[in-house]
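We use all heavy atoms of the structure for the numbers below, so side chains are in, but hydrogens, waters and symmetry mates are not. Everything numeric in this text was worked out from a predicted model, so none of it was measured.
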Amino acid sequence: MTFFQDFTVPPLPPRPRSQRYVPPPWAAAPAYELPAVVHVGMFVSRTPGMVLAVKSADVFSTGCVFSLSWLFRRSSQSDEDWADLQHLFFQPGMGIRRGSGQQTGLMFGVQFPDGSKASTGALGPHVFMEHGQQPEPPVLGLNNGGGSGGEDEFSGTGTLWLWPLPPAGDLRLVAQWTDFGLAETSVMLDGGRLRDAAAGIQEYWPEEDVQLL
């Protein structure tokens, strides 16, 4: 027996379990749902210097996550201009060109069949709201997934969270990135196809009211 074994180790005091934060439905996808995946495979823009595409949609009970990719290819830019574009490419959020008052960063928008619309430049999912309040639907938020590049091209990925599920009809998806010469352009998605896919959602624990840390 050693010296320190003669001393009693005091028990740890009880510690209450912390409450798990559950974001409101308009802010993020449900944590405990396996979404239905819908292949989209559409180019929002395809030019000799740039591609912007929608790959797929993860459909949840409260909304959709669109998977995006984009690539910009170097043409006649000087080394200095290319370095300036690199800075803009890897910080593709909102931007205001000095003296113009125009938004120049990567922006997305949606329009529902009834004319209601949302923009990543107006109200994203991380905007502060008072407890119990929610924004007017729809809400669209852009989350950048990172990128890579070098002397010849830049490539990046991201996701769009759309709340709520769109109704049946044409869902217009709009994009703009004036820093890279992409004027406002749009494609039509099938809102009914996305809504119908929600029947394939699977809950992780459908019979339980889960309370986890």
Minimal non-hydrogen separation, [X] against [Y], with atom names:
X: A36; Y: G200; value: CB-C, 4.1 Å
X: F180; Y: M50; value: CB-SD, 4.1 Å
X: Y204; Y: A31; value: CE2-O, 3.8 Å
X: A197; Y: V38; value: CB-CG2, 3.5 Å
X: V65; Y: A29; value: CG2-CB, 4.3 Å
X: A118; Y: P138; value: CB-O, 3.3 Å

Note: R74-D79 ion pair, threshold 4.0 Å (strictly below):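 Counted as a salt bridge, because a side-chain N and a carboxylate O are separated by less than 4.0 Å.
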
Got a second to check how far [X]'s [atom1] is from [Y]'s [atom2], nearest 0.5 Å?
X: L160; Y: T120; atom1: CG; atom2: OG1; result: 7.0 Å
X: S75; Y: D152; atom1: OG; atom2: CG; result: 11.0 Å
X: T185; Y: L52; atom1: OG1; atom2: CG; result: 8.5 Å
X: L106; Y: L68; atom1: CG; atom2: CG; result: 8.0 Å

Path from [X] to [Y] over hydrophobic side-chain contacts below 4.5 Å:
X: V187; Y: L194; result: yes
X: I201; Y: W163; result: no
X: L165; Y: M188; result: no

Within a strict 4.5 Å, meaning less than it, do heavy atoms of the [X] and [Y] side chains meet?
X: P166; Y: C64; answer: yes
X: W177; Y: W70; answer: yes
X: V54; Y: V44; answer: yes
X: L171; Y: F112; answer: yes
X: M107; Y: S119; answer: yes
X: T62; Y: W161; answer: yes
X: V174; Y: Q111; answer: no
X: Q134; Y: P24; answer: no

Main-chain N/O of D84 paired with Q86 side-chain donor or acceptor, under 3.5 Å: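 Not a single qualifying donor-acceptor pair exists.
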
Check: R46 side chain, V51 main-chain N or O, donor-acceptor pair, under 3.5 Å: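 Flag not set: sc R46 to bb V51 has no pair under 3.5 Å.
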
Donor on one side chain, acceptor on other, S69 and T157, under 3.5 Å: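 No pair is found: no donor N or O on one side chain lies under 3.5 Å from an acceptor on the other.
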
T159 and F66: CA distance, side-chain angles, deciding distance, side-chain contact (heavy atoms from CB on, under 4.5 Å) verdict: CA-CA 5 Å; T159 60; F66 294 100; over 6 Å; no

Aromatic plane relationship, W82 with F72 - under 30° parallel, 30 to 60° tilted, over 60° perpendicular: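 Correct class here is parallel.
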
